[in-house]
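Working notes for the structure below.
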Amino acid sequence: MSTLTYPEVGATRLGPLPDGYHHLHHRVAVGRGRAAFEVAGGAVTDWRMHRTSGARVRASTARAEAGTTVRVSIGVGPFRFTAPCEVVWTAYEKERIGFAYGTRPQHPECGEECFVVDLADDGTVWFTVLAFSRPVCWYARLAGPLVPVAQRIYARRLGTALRRIVSAS
């Protein structure tokens, strides 16, 4: 039985993103060619991208699979926030690799976020973060408009980490 905290499970895969949430869409080129695509896809799905960005990740599987439970922590000391999530879908396709996780109880927000790498026809490797969320706990509500800003900063940080991983391969 799922313990997800929102009803629109899978909306980041099928769209459209549901009303009543803050929406995030960040897309950045991280490399070129099939080899870069494979490296980027592996880094996204084995949690390396998150870890390289500075996040702590505790996952129940070594690679993203539907049903995997994940705890992502960001911040420092008393300002470290932990976000319990569950992988709700994965894509291991010829030109698309990635996954989405949804929020579980005790997450400061409710919603879903996906991390996908696509190989375009021209050989460009694109990394996309697509999310919908809204605050649940008092401190996320209190932070108000700062939360979407922090989410955009984190999405950019993930893109930068992934670009570094790909260029080092």
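Both backbone and side-chain heavy atoms feed into the values below; hydrogens, waters and symmetry mates do not.
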Applying side chain to side chain contact (heavy atoms under 4.5 Å, CB included), run through T45 and T90 and close with a yes or a no. CA-CA 9 Å; T45 58; T90 59; over 6 Å; no
Using the rule given for side chain to side chain contact (heavy atoms under 4.5 Å, CB included), can you reason through E113 versus S133, listing the C-alpha separation, both sets of side-chain angles and the distance that settles it, and then say yes or no? CA-CA 8 Å; E113 189 168 23; S133 63; over 6 Å; no
Quick one: do V72 and R56 satisfy side chain to side chain contact (heavy atoms under 4.5 Å, CB included)? Show the steps, please. CA-CA 6 Å; V72 179; R56 293 183 185 168; over 6 Å; no
Pair E112, Y101 - check side-chain hydrogen bond (donor to acceptor under 3.5 Å, both in side chains), show working. CA-CA 6 Å; E112 189 174 292; Y101 52 43; over 6 Å; no
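W126 contributes no side-chain N or O that, together with a main-chain N or O of G31, makes up a donor-acceptor pair within less than 3.5 Å.
Considering only heavy atoms from C-beta on, R58 stays 4.5 Å or farther from V70 through its side chain. Between T160 and L158 there is no side-chain heavy-atom pair separated by less than 4.5 Å. Contact annotation: the side chain of H22 approaches that of Q151 to within less than 4.5 Å [non-hydrogen atoms, C-beta and beyond]. Residues T5 and P105 form a side-chain contact, since some pair of their non-hydrogen atoms from C-beta on lies under 4.5 Å apart. For the pair Y21/E8, a side-chain contact is recorded, criterion being any heavy-atom separation below 4.5 Å from C-beta on. When side chains are defined from C-beta on, L4 counts as touching E86, because their heavy atoms get closer than 4.5 Å. Here the side chains of V166 and V125 are not in contact, with every heavy-atom distance at 4.5 Å or above. When side chains are defined from C-beta on, Y154 counts as touching S53, because their heavy atoms get closer than 4.5 Å.
In this structure, H26 has its ring center no closer than 6.0 Å to that of F127.
Under a cut-off of 6.0 angstrom, the local environment of CG in D121 is sparse, with at most 12 non-hydrogen atoms contributed by other residues, nucleotides or ligands.
Rounded to the nearest 0.5 Å, atoms CD1 (I97) and CZ (F115) are 15.5 Å apart. To the nearest 0.5 angstrom, C85 atom SG is 9.5 Å from R71 atom CZ. Annotation: the span from H25 atom NE2 to T128 atom OG1 amounts to 5.0 Å, rounded to 0.5 Å. In this structure, the separation between CZ on R157 and CG on L162 is 14.0 Å, given to the nearest 0.5 Å. Here the CG atom belonging to D118 is positioned 8.5 Å from the CD atom belonging to E93, to the nearest 0.5 angstrom.
Annotation for H23 and P18: closest pair NE2-O, 2.7 Å, computed over non-hydrogen atoms. K94 and R34 make their closest contact through O-NH1, 2.6 Å (heavy atoms, listed as atom of the first residue, atom of the second, distance). The two residues A131 and L17 have their closest heavy-atom pair at O-CD1, 3.7 Å. Between A100 and T12 the shortest heavy-atom distance is CB-OG1, 3.4 Å. Closest non-hydrogen pair, S73 versus T82, comes out as OG-OG1, 3.0 Å. Of all non-hydrogen atoms in E109 and H107, the two that sit nearest each other are N-ND1, 2.9 Å.
Checking T68, V87, V116 one by one against F99, the side chain to side chain contact (heavy atoms under 4.5 Å, CB included) holds for a single residue, V87.
Cation-pi check for R32 over F37 is not met; the charged atom does not lie both under 6.0 angstrom from the ring centroid and within 45 degrees of its normal.
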